[in-house]
Amino acid sequence: KAGKARQVGWAGPEGQQATRTDVTRRTETGYTRNSTATGPQGGTATRDVVATRNAESGTWTKDVTVDRTPSPAPAVNDGG
């Protein structure tokens, strides 16, 4: 089943460019969304969401997976 796609591009002050593509699809119980972003230095990030609605209670559950290349730098512990 085809989904709704959205593609966005940005241009920075020194010619840097970044892009993001999102594809959203309805399911019987909610939706899925797959996003891919590419930054100005060539790094990529993907984000996959599976959202499910409980019709009885009206609540939503989201399962989100994120992958970044290169991986983010580890947090710095400054002792404070």
Side-chain angles (χ1 to χ4, degrees):
K1 185 174 178 180
K4 182 177 180 180
R6 174 178 66 170
Q7 189 166 13
V8 180
W10 297 270
E14 295 180 19
Q16 296 176 326
Q17 296 182 354
T19 61
R20 179 178 174 137
T21 302
D22 297 318
V23 178
T24 304
R25 293 179 182 88
R26 285 186 185 230
T27 65
E28 290 183 19
T29 57
Y31 66 90
T32 63
R33 178 172 295 134
N34 307 99
S35 303
T36 302
T38 302
Q41 305 301 320
T44 61
T46 58
R47 183 175 188 264
D48 297 321
V49 177
V50 177
T52 307
R53 184 176 183 272
N54 181 317
E56 193 172 299
S57 67
T59 60
W60 286 85
T61 301
K62 288 186 181 181
D63 181 17
V64 180
T65 303
V66 177
D67 183 35
R68 291 175 55 179
T69 303
S71 298
V76 175
N77 183 353
D78 63 3

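Given the structure is predicted, the values throughout are model-derived calculations rather than measurements.
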Item to check | Closest heavy-atom pair and its distance - T59, S57 | outcome: OG1-OG, 2.8 Å
Checklist outcome for this item: In short, V8 meets R6 closest at the heavy-atom pair CG2-CG, 4.1 Å
Checklist entry - Would V66 and V64 satisfy side-chain contact (heavy atoms from CB on, under 4.5 Å), going step by step from the backbone distance to the final call? => result CA-CA 7 Å; V66 177; V64 180; 4.1 Å; yes
Checklist outcome for this item: For G3 and R25 the tightest heavy-atom approach is CA-CG, 3.6 Å
Item to check | Side-chain heavy-atom pair T27, T32 within 4.5 angstrom cut-off | outcome: yes
Checklist entry - Are any non-hydrogen side-chain atoms of Y31 and K62 less than 4.5 angstrom apart? => result yes
Checklist entry - If you round to the nearest 0.5 Å, how far is CZ of R33 from CG of D22? => result 6.5 Å
Item to check | Interatomic spacing from CG in D63 to OG1 in T65 - rounded to 0.5 Å | outcome: 5.0 Å
Item to check | D48: partners by side-chain hydrogen bond (donor to acceptor under 3.5 Å, both in side chains), with sequence neighbours left out | outcome: N34
Checklist entry - Who are the ring-ring contact (aromatic ring centres under 6.0 Å, His included) partners of W10, not counting sequence neighbours? => result none
Next on the checklist: Counting only heavy atoms not in R47 (residues, nucleotides, ligands), do more than 12 fall under 6.0 Å from its CZ?
Outcome noted: no
Checklist outcome for this item: Looking only at heavy atoms, the pair that brings P40 and A18 closest together is CD-CB, 4.1 Å
Next on the checklist: Can you give me the closest heavy-atom contact between G30 and W60, atom names plus distance?
Outcome noted: CA-CZ3, 3.9 Å
Checklist entry - Is R53 close to T29 at the side-chain level, that is, under 4.5 Å between some pair of heavy atoms? => result no
Checklist entry - Does some side-chain heavy atom of R26 sit less than 4.5 Å from a side-chain heavy atom of K4? => result no
Checklist entry - To the nearest 0.5 Å, what is the distance between OG1 (T36) and CD (Q7)? => result 10.0 Å
